[in-house]
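One structure is given here, and the rest of the page talks about it.
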Amino acid sequence: MGFLVWPYEIFSKRGQAAVDLGTKHITWDVVSDMWHPQTNPDGILSVGMAENTLLHDTLLEYIHDNSRFTGSLLTYNNGSMGSKALRKSVSHFLNRYFNPFLPVEPNHILMTNGCSSAIGHLSWTFLNPEEAILLSKPYYSTFIADITLRPEAVIVPVETGNVDPLSPEAVDEYEKAAMEFEERTGKRVRAIILCNPHNPLGRCYPRATAEGLMRLCQSRQVHLISDEIYALSVWKNRVDTDVPFTPFESLLSRDTCGLIHPALVHVLWGMSKDFGANGLRVGAVISQSNPELHIAQKCLSLYSFVSGLSDHITASILRNDAFTDKYIQTNQEKLSLSHEFLAQLLDKHGIEYLHGCNAGFFLWVNLGKKYIELHPEETGQGLELTDMIFDKLLKSKVYVAHGTDYGPENPGWFRLVFAHPLPWLEEAMARIIRAIYEL
């Protein structure tokens with residue numbers, strides 16, 4: 001029996017795009033072989049995925065002690081947009097911590113199984129295929145797939161050059177990028193998306209920048225989406241003690257009068273980062289003045305239904321003020337100490353990193369510069385250099401976030417996540433140093 005000929009076009013264009021992207025996506029390969037000092041000491045140690053493991057024991061203890069499941073959690077319960085109890089708890093939590101100008105009500109909230117689903121829904125709802133969202137470099141790498149893969153929208157990276165991408169001066173670069181895209185393609189820019197606090201830069205957007213972007217969105221009649229998933233992971237920088245730091249201010253806290261129509265403002269938040277619970281798969285879209293968006297999600301949300309068990313657990317956590325107050329305070333203290341520990345290790349080995357961060361879980365680190373210093377005979381440059389270092393690190397069983405995926409304007413940079421216990425960071429740096437020095 002002869003071999004059958006492989007079908008020429010077995011996938012749609014969308015499917016083939018996913019194949020192409022999947023060949024470069026090794027995250028889940030890393031997850032399947034994660035390092036553990038007792039059970040898998042030869043596994044891959046990750047400081048690449050934005051996971052916060054600092055308070056897992058505390059959160060698990062609360063869940064075990066406070067979870068009482070009922071039969072309703074095995075049904076569709078109140079529907080696919082989040083239970084009434086969950087949306088009430090989220091609104092209560094946001095009103096306590098995000099200082100909203102207008103109180104957040106349960107009907108302002110759409111629950112999703114993580115913020116990636118939320119971003120995908122907004123992209124699908126606001127943009128036609130080939131229309132664009134502006135995203136400033138460097139950016140959170142998974143925004144690309146969230147916005148483009150299924151909705152078939154387009155990312156327009158905003159180049160800021162020597163301008164601080166979080167500064168008010170950067171707003172002009174957004175305008176230039178929008179005009180250039182629309183003139184070149186004849187398609188519309190429909191939205192701007194921010195990550196505030198910023199991933200991977202670890203800083204917060206100043207109020208003046210947020211207001212400038214609001215005015216720009218109003219003038220162009222485009223949506224402003226603020227991913228605020230690291231909102232409460234803001235901490236004291238113990239290293240750069242002479243640097244003035246910008247505090248976090250949610251877009252929810254802004255009076256939009258005279259700046260932007262409130263129907264164009266949308267905020268995202270979830271349990272993955274501030275509560276170190278990526279696995280719960282709980283995210284939220286907060287849109288206070290766009291009821292039609294919520295109507296549209298009545299059908300779309302079927303594809304992002306939060307598990308009944310996760311719904312129940314999250315509602316219990318967020319309505320417990322004493323627990324959340326203590327948890328957030330402890331998390332911020334631990335993040336501060338872990339940042340200091342990793343920064344000191346980088347300083348010890350003369351590795352450049354971006355100073356002045358006070359939010360999130362990560363340092364933006366220039367391993368390329370150190371590698372060239374140690375190996376001046378190497379001729380690799382740009383992406384070739386970054387790929388080579390990434391491969392050496394992976395062979396040394398340490399996973400860092402490939403800087404090129406974040407759209408940097410200079411090669412050799414990587415994102416290192418420090419939201420782990422100190423022994424984890426110490427072992428990770430030991431492996432990084434072995435790879436860079438080629439020991």
Side-chain angles (χ1 to χ4, degrees), residues 132-144 147-148 153-185 187-220 222 224-227 240 243-246 351-360 362-373 380-387 389-390 401-416:
I133 290 182
L134 301 182
L135 177 62
S136 176
K137 290 184 173 185
Y139 45 69
Y140 166 53
S141 60
T142 307
F143 274 158
I144 304 301
I147 291 167
T148 66
V154 174
I155 290 285
V156 175
V158 177
E159 306 272 357
T160 57
N162 294 325
V163 174
D164 179 353
L166 275 64
S167 70
E169 291 75 23
V171 175
D172 290 340
E173 306 307 319
Y174 284 84
E175 174 78 5
K176 292 175 186 176
M179 292 175 63
E180 191 279 331
F181 172 81
E182 292 180 345
E183 291 173 359
R184 175 171 51 85
T185 66
K187 303 290 185 179
R188 281 195 61 188
V189 168
R190 289 278 191 170
I192 292 173
I193 188 166
L194 311 175
C195 189
N196 184 30
H198 192 278
N199 176 5
L201 299 181
R203 294 188 284 124
C204 302
Y205 278 84
R207 178 179 296 189
T209 307
E211 291 182 351
L213 289 170
M214 286 182 180
R215 292 189 183 96
L216 176 60
C217 288
Q218 177 63 26
S219 69
R220 300 186 66 87
V222 303
L224 182 58
I225 303 166
S226 182
D227 182 346
D240 306 314
V243 177
F245 292 101
T246 301
I351 298 174
E352 179 186 4
Y353 61 92
L354 189 67
H355 286 255
C357 62
N358 69 322
F362 18 76
L363 278 174
W364 194 229
V365 178
N366 191 353
L367 297 180
K369 179 180 179 181
K370 186 64 179 180
Y371 188 83
I372 292 299
E373 288 175 2
Q381 296 180 354
L383 178 59
E384 181 183 356
L385 170 67
T386 310
D387 282 343
I389 295 172
F390 180 82
H402 196 305
T404 306
D405 294 338
Y406 294 75
E409 298 190 22
N410 295 298
W413 289 83
F414 295 82
R415 191 193 70 172
L416 271 61

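Given the structure is predicted, the values throughout are model-derived calculations rather than measurements.
With sequence neighbours excluded, the residues forming a side chain to side chain donor-acceptor pair (under 3.5 Å) with Arg190 are Glu131, listed by chain and number. Residues forming a side-chain contact (heavy atoms from CB on, under 4.5 Å) with Thr160 (at least two apart in sequence, or on another chain): Ser136, Val158, Val163, Pro165, Ala170, Glu173, Glu409.
Tyr139 has its side chain out of reach of Ile193: every pair of non-hydrogen atoms, C-beta onward, lies at least 4.5 Å apart. The side-chain heavy atoms of Leu194 and Leu224, taken from C-beta on, include a pair separated by under 4.5 Å. Residues Asp240 and Phe245 meet the side-chain proximity criterion, which asks for heavy atoms closer than 4.5 Å. Using a 4.5 Å heavy-atom cutoff, the side chains of Cys204 and Asn196 are in contact. Side-chain atoms of Leu166 and Thr209, non-hydrogen and from C-beta on, never get closer than 4.5 Å to each other. At least one side-chain heavy atom of Glu175 sits under 4.5 Å from a side-chain heavy atom of Arg220. For the pair Val365 and Lys370, the minimum side-chain heavy-atom distance is 4.5 Å or more.
Sorted by first and then second residue, the salt bridge (Lys or Arg N to Asp or Glu O under 4.0 Å) pairs involving residues 201-210 (not counting sequence neighbours) are Asp164-Arg203, Arg207-Glu249.
Annotation: the span from Ile192 atom CD1 to Leu216 atom CG amounts to 4.5 Å, rounded to 0.5 Å. The CD1 atom of Ile372 sits 12.0 Å away from the CG atom of Leu367 when rounded to the nearest 0.5 Å. Within the model, atoms CZ of Phe181 and CD1 of Ile133 stand 11.0 Å from one another, a figure rounded to the nearest 0.5 Å. The CD atom of Glu373 sits 8.5 Å away from atom CG of Asn366, with the distance rounded to the nearest 0.5 Å. To the nearest 0.5 Å, atoms CZ (Arg415) and CG (Asp405) are separated by 10.0 Å. In this structure, the separation between NE2 on His402 and CD1 on Ile389 is 9.0 Å, given to the nearest 0.5 Å.
Classified by interplanar angle (parallel below 30°, tilted 30° to 60°, perpendicular above 60°), the ring pair Tyr205/His198 is tilted. Between Trp364 and Trp413, the two ring planes are parallel [angle under 30°; tilted spans 30° to 60°]. Ring orientation note: the planes of Phe143 and Tyr140 are nearly perpendicular, at an angle over 60° on the 30°/60° scale.
Smallest separation of non-hydrogen atoms from Leu354 and Leu363: O-CD2, 3.9 Å. Between Phe414 and Gly403, the shortest heavy-atom contact is CD2-N, 3.9 Å. Scanning all heavy atoms of the two residues, the minimum distance from Thr246 to Asn358 falls at O-ND2, 3.7 Å. Minimum interatomic distance between Leu385 and Gly368 (heavy atoms only, all atoms of both residues): CD2-CA, 4.2 Å.
Thr148 places no side-chain N or O within donor-acceptor distance of the main-chain N or O of Val154, the cut-off being under 3.5 Å. Remark: side-chain polar atoms of Glu159 are not paired, donor with acceptor, to backbone N or O of Lys137 under 3.5 angstrom.
The pair Lys176-Glu180 does not meet the salt-bridge criterion, since no charged nitrogen lies less than 4.0 angstrom from a carboxylate oxygen.
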